[in-house]
Amino acid sequence: MEMSRPHDGIIVLQVVHDLDTEHVVSIQPKLEALVDEYTENIILDFSSVHFIDSTGIGAIVFLFKRLTSQRRTLSLLKVSGQPYKLMTMLRVENAIPFIENITECDASRSA
């Protein structure tokens, strides 16, 4: 995962692999460390993710709950294809906003 800080108060993590069991095992400790070490809101960039399974969904929900407990937010950027279909079927977007650009996250924070 690649991390950037395009705006004050936001960390963007570009997920560079599909979120399946194999890859979630390797990124879960990084996500946990990120929550513990930083105070910014997080955007997961899904533009390179073509597949997600239940383990990936679980990792996102776990991250969302950890951030929410700290009054922080999680948004999912550029979700499409199979990840979009699965997450909308599971109604993930009812709890975690799907956004198409970072300015949408900025607008929701200032509202």
Visitor: Using only atom types and a distance under 3.5 Å, with no angle test, would you say the side chain of D45 pairs donor to acceptor with the backbone of S47?
Guide: yes
Visitor: Ignoring hydrogens, what is the shortest heavy-atom contact between N41 and T73? Give both atom names and the distance.
Guide: OD1-N, 2.8 Å
Visitor: Just verifying a value: how many Å separate L19 CG and S54 OG, rounded to the nearest 0.5 Å?
Guide: 11.5 Å
Visitor: Supply the atom-to-atom distance N101 CG to L77 CG, rounded to the nearest 0.5 angstrom.
Guide: 7.5 Å
Visitor: Quick check for you: to the nearest 0.5 Å, what is the distance between E32 atom CD and E37 atom CD?
Guide: 11.5 Å
Visitor: Determine which pairs satisfy side chain to side chain donor-acceptor pair (under 3.5 Å) with at least one residue from residues 88-97, sequence neighbours left out, and list them in order.
Guide: none
Visitor: When you compare the side chain of T39 with that of Q70, does any pair of heavy atoms fall below 4.5 Å?
Guide: no
Visitor: Please round to the nearest 0.5 Å and tell me the distance separating atom OG1 of T55 and atom CD of Q28.
Guide: 10.0 Å
Visitor: If I take atom NZ from residue K85 and atom CD1 from residue I52, how far apart are they, to the nearest 0.5 angstrom?
Guide: 14.5 Å
Visitor: Taking all atoms of both residues into account, what is the closest heavy-atom pair of L63 and L31, and its distance?
Guide: CD2-CD2, 4.1 Å
Visitor: Check this for me: does any side-chain nitrogen of one of E40 and R72 sit under 4.0 Å from a carboxylate oxygen of the other?
Guide: no
Visitor: Can you tell me which residue pairs pass the ring pair (Phe, Tyr, Trp, His ring centres under 6.0 Å) test with a partner in residues 12-52, sequence neighbours excluded?
Guide: H17-H23
Visitor: Report yes if the side chains of R5 and I10 come closer than 4.5 Å at any heavy-atom pair, otherwise no.
Guide: no
Visitor: Same cluster for V15 and Y84 if Ile/Leu/Val/Met/Phe/Trp/Tyr side chains link at under 4.5 Å?
Guide: yes
Visitor: Against L67, only a single residue in I96, I42, L34 fulfils side-chain contact (heavy atoms from CB on, under 4.5 Å); can you say which?
Guide: I42
Visitor: Would V24 end up clustered with V61 when hydrophobic side chains under 4.5 Å apart are linked, directly or stepwise?
Guide: yes
Visitor: Would you call R66 and L74 a side-chain contact if the rule is heavy atoms closer than 4.5 Å?
Guide: no
Visitor: Hydrophobic clusters here meaning ILVMFWY residues chained together by side-chain heavy-atom distances under 4.5 Å, can you tell me if V25 and V16 are in one?
Guide: no
Visitor: Using side-chain heavy atoms (C-beta onward) and a distance below 4.5 Å, is E2 in contact with L13?
Guide: no
Visitor: Mind checking the CZ-NZ spacing from F98 to K78? Nearest 0.5 Å is all I need.
Guide: 15.0 Å
Visitor: Do I43 and I11 come close enough that some side-chain heavy atom pair is under 4.5 Å?
Guide: no
Visitor: Do F64 and I27 sit in the same hydrophobic cluster, where Ile, Leu, Val, Met, Phe, Trp and Tyr count as joined when their side-chain heavy atoms come under 4.5 Å apart?
Guide: yes
Visitor: Could you go through the side chain to side chain contact (heavy atoms under 4.5 Å, CB included) check for M89 and L86 one step at a time?
Guide: CA-CA 5 Å; M89 184 179 76; L86 181 59; 3.6 Å; yes
Visitor: Nearest heavy-atom pair of S75 and I99: which atoms, and what distance?
Guide: CB-CD1, 4.0 Å
Visitor: Return the minimal non-hydrogen interatomic distance between S48 and D18, and the atom names on each side.
Guide: O-OD1, 4.3 Å
